[in-house]
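Report on the structure given below.
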Amino acid sequence: MTTDAESDKMMYCASCGIPENDDVKLKKCTACYLVRYCSVKCQKDHRSKHKRDCKKRAAELRDEILFKQPEISHRGDCPICCLPLPIDATKSTMMSCCSKTICNGCDYANKMRELEGKIQPKCPFCRHPLPKSEEEGNRNLMKRVEVNDPAAIRHMGGKRYGEGDYDGAFEYWTKAAGLGNAHSHYQLSVMYREGKDIEKDEKKEVYHLEKAAIGGDIFARSNLAAFEWNNGRHDRALQHWIIAAKLGDENSVDTLKDAYRKGYVRKEDFASALRAHQAAVNATKSPQREEAAAALGGFQSK
């Protein structure tokens with residue numbers, strides 16, 4: 001909450017003290033938003049006095065964003081049934097024609113409808129005819145890449161990585177991350193950790209992990225937790241694991257169970273994480289998805 005003194009301070013240039021008027025427009029420090037300046041010169045002149053408070057407040061603002069509980073994981077919702085997609089990527093399929101990720105339940109239901117009606121197989125979302133070969137699928141995917149579809153670009157990065165073309169993968173994932181794809185940030189963090197065709201860089205690794213975690217990426221959140229724990233920042237690590245557990249991550253729940261037994265986690269925080277975790281898992285279930293799981297191999301959804 002802003003105090004009267006802080007509000008008054010924002011009416012003057014933090015360096016020269018000139019008040020804002022019709023001729024002088026003050027601009028906020030975009031790192032901390034604590035002070036305002038009348039010019040770039042005043043901002044530079046005041047830098048040495050402001051640096052410490054600015055850095056502290058910028059870190060606080062960053063943590064407010066970083067530790068805010070995402071509403072859903074980076075997987076998002078199935079665009080057909082509008083239920084959250086399972087964390088397990090084998091329970092959904094990305095369509096090359098429109099780059100939409102469809103849950104197995106909706107995909108299976110569409111296939112059954114086509115078989116019964118003896119009609120041409122089409123994408124359950126955009127109704128584009130399904131590709132008849134891998135080459136045709138790749139052409140469809142490249143069309144999506146050419147229109148800057150972040151999901152298609154991320155997927156193409158994965159293809160390049162699997163082929164051993166790490167430069168190509170880095171290029172695609174960098175572009176997809178710039179377009180807001182959270183999982184591409186995670187993939188970039190892995191590249192900076194492994195140092196495949198790029199120099200290892202822990203600072204950049206953590207930067208991309210944080211960007212991915214903010215976007216709901218559970219894998220990035222878990223890696224951040226491990227990073228913080230290994231560096232002795234246990235409270236921050238536990239916050240990350242709690243957020244991941246509430247998004248439905250089973251591994252984070254197991255970690256929290258162990259931490260609770262050892263006295264690192266309060267009972268009420270552990271109980272809250274368990275309730276939210278179960279709610280997140282239940283939200284991904286439906287009779288249609290259960291039917292698809294049984295038909296596709298008898299696997300029970302977890």
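- A search for side chain to side chain donor-acceptor pair (under 3.5 Å) contacts involving Asn223 returns nothing, not counting sequence neighbours.
- When all heavy atoms of Leu209 and Ala220 are compared, the pair lying nearest together is O-CB, 3.6 Å.
- Using a 4.5 Å cut-off between side-chain heavy atoms of Ile, Leu, Val, Met, Phe, Trp and Tyr, with links allowed through other members, Met191 and Tyr207 fall into different hydrophobic clusters.
- With respect to the salt-bridge test (charged N to carboxylate O, under 4.0 angstrom), the residues Glu163 and Arg160 qualify.
- Ring geometry for His234 versus Tyr264: interplanar angle over 60°, hence perpendicular rather than tilted (30 to 60°).
- The salt bridge (Lys or Arg N to Asp or Glu O under 4.0 Å) search around Asp53 returns none, not counting sequence neighbours.
- The distance from the OG1 atom of Thr284 to the CG atom of Asp88 is 10.0 Å, given to the nearest 0.5 Å.
- Cluster annotation: Tyr161 is connected to Leu188 through the hydrophobic network of ILVMFWY side chains, with a link wherever side-chain heavy atoms come within less than 4.5 Å.
- The same ILVMFWY cluster, assembled from side-chain heavy atoms under 4.5 Å apart, contains both Phe227 and Ile214.
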- Query: When you look at Glu64 and Arg57, which way does the salt bridge (Lys or Arg N to Asp or Glu O under 4.0 Å) test go after all the steps?
  - Reply: CA-CA 11 Å; Glu64 287 178 13; Arg57 182 53 183 158; 3.7 Å; yes
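- Side-chain heavy atoms closer than 4.5 Å link hydrophobic residues (I, L, V, M, F, W, Y) into clusters, and following such links, even through other members, never connects Leu83 to Ile87.
- The side chain to side chain donor-acceptor pair (under 3.5 Å) check on Glu114 picks up Asn110, with sequence neighbours excluded.
- Pairing each heavy atom of Arg154 with each of Trp173, the nearest pair is O-NE1, 3.1 Å.
- Cluster note: Leu130 groups with Ile80, Met95, Ile102, Phe125 through ILVMFWY side-chain heavy atoms spaced under 4.5 Å, whether in direct contact or through intervening members.
- For the pair Val35/Gln43, no side-chain contact is recorded, criterion being any heavy-atom separation below 4.5 Å from C-beta on.
- With hydrogens and angles ignored, the 3.5 Å screen pairs no side-chain donor or acceptor of Trp241 with any backbone N or O of Thr255.
- Partners of Asp249 under the side chain to side chain donor-acceptor pair (under 3.5 Å) rule, at least two apart in sequence or in another chain, are Ser222, Ser252.
- Looking at heavy atoms from C-beta onward, Cys106 lies out of side-chain contact with Pro124 at the 4.5 angstrom threshold.
- Side-chain contacts under 4.5 Å among hydrophobic residues (ILVMFWY), followed directly or transitively, place Leu26 together with Ile18, Val24.
- Two residues are said to be in side-chain contact when any heavy atoms from C-beta on lie closer than 4.5 Å; Thr174 and Glu171 fail this criterion.
- Remark: side-chain polar atoms of Asp77 are not paired, donor with acceptor, to backbone N or O of Pro79 under 3.5 angstrom.
- Distance OG/Ser99 to CE/Met156: 9.5 Å, rounded to 0.5 Å.
- For Glu136 and Asn140, the side-chain atoms include no donor-acceptor pair closer than 3.5 Å.
- Looking at heavy atoms from C-beta onward, Ile119 lies in side-chain contact with Arg113 at the 4.5 angstrom threshold.
- Using modelled atom types, one side-chain atom of Arg75 and one backbone atom of Pro86 make a donor-acceptor pair closer than 3.5 Å.
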- Starting from the C-alpha separation in whole Å, work towards a yes-or-no answer on side-chain hydrogen bond (donor to acceptor under 3.5 Å, both in side chains) for Asn181 and Lys175. CA-CA 9 Å; Asn181 187 271; Lys175 185 174 183 180; over 6 Å; no
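- Rounded to the nearest 0.5 angstrom, Arg144 CZ and Cys97 SG are separated by 9.0 Å.
- Nearest heavy-atom pair, Ser184 versus Ala177, reported as atom, atom and distance to 0.1 Å: CB-N, 3.7 Å.
- Lys68 contributes atom NZ, which lies 14.5 Å from atom CG of Asp63 (distance to the nearest 0.5 angstrom).
- Heavy-atom contacts from other residues, nucleotides or ligands closer than 6.0 Å to NZ of Lys143 number 12 or fewer.
- Closest of all the heavy-atom pairs between Cys81 and Arg289 is SG-NH2, 3.4 Å.
- In this view, His128 satisfies the ring pair (Phe, Tyr, Trp, His ring centres under 6.0 Å) rule with no residue, not counting sequence neighbours.
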- Message: The test is side chain to side chain contact (heavy atoms under 4.5 Å, CB included); show your working for Glu202 and Arg193 and say whether it passes.
- Response: CA-CA 7 Å; Glu202 187 178 90; Arg193 184 180 72 243; over 6 Å; no
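- Of all heavy-atom pairs spanning Ser73 and Ile218, the tightest one is CB-CD1, 3.9 Å.
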- Item | Verdict with reasoning, Asp235 to Gln239, per side-chain hydrogen bond (donor to acceptor under 3.5 Å, both in side chains) | CA-CA 6 Å; Asp235 287 345; Gln239 286 184 71; over 6 Å; no
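- Across all their heavy atoms, Leu224 and Ala213 have their closest contact at CD1-CB, 3.8 Å.
- Here the straight-line distance linking atom NZ of Lys91 with atom CG of Leu296 works out to 11.5 Å at 0.5 Å rounding.
- For the pair Pro129 and Pro121, the minimum side-chain heavy-atom distance is 4.5 Å or more.
- Among pairs with a residue in residues 32-60, those fulfilling ring-ring contact (aromatic ring centres under 6.0 Å, His included) read Tyr37-His46, His46-His50, at least two apart in sequence or across chains.
- No side-chain heavy atom of Lys100 sits under 4.5 Å from any side-chain heavy atom of Cys123.
- At least one donor-acceptor pair under 3.5 Å links the side chain of Ser189 to the backbone N or O of Tyr186.
- One finds no salt bridge joining Lys159 and Asp165 here, because no Lys/Arg side-chain nitrogen approaches an Asp/Glu carboxylate oxygen to under 4.0 Å.
- Linking ILVMFWY residues whenever their side-chain heavy atoms come closer than 4.5 Å, directly or via other members, places Ile198 and Tyr166 in the same cluster.
- When side chains are defined from C-beta on, Glu60 counts as touching Lys56, because their heavy atoms get closer than 4.5 Å.
- Taking the charged nitrogens against the carboxylate oxygens, Arg36 and Glu20 do have a contact shorter than 4.0 Å, which makes a salt bridge.
- At a threshold of 4.5 Å between non-hydrogen side-chain atoms, the residues His74 and Phe219 count as touching.
- Tyr260 meets the ring pair (Phe, Tyr, Trp, His ring centres under 6.0 Å) test with Phe270; sequence neighbours excluded.
- The salt bridge (Lys or Arg N to Asp or Glu O under 4.0 Å) check on Glu199 picks up nothing, with sequence neighbours excluded.
- One distance of note links CG of Leu238 with CD1 of Ile243; it measures 11.0 Å at 0.5 Å rounding.
- Within 6.0 Å of atom OH in Tyr12, 12 or fewer heavy atoms from other residues, nucleotides or ligands are found, so the atom counts as exposed in its surroundings.
- Residues meeting the side chain to side chain donor-acceptor pair (under 3.5 Å) test with Asp254, sequence neighbours left out: none.
- Counting non-hydrogen atoms of other residues, nucleotides and ligands closer than 6.0 Å to NZ of Lys25 gives a total above 12.
- The stretch residues 210-221 participates, sequence neighbours left out, in these side chain to side chain donor-acceptor pair (under 3.5 Å) pairs: Arg62-Glu210, His183-Asp217, Arg221-His240.
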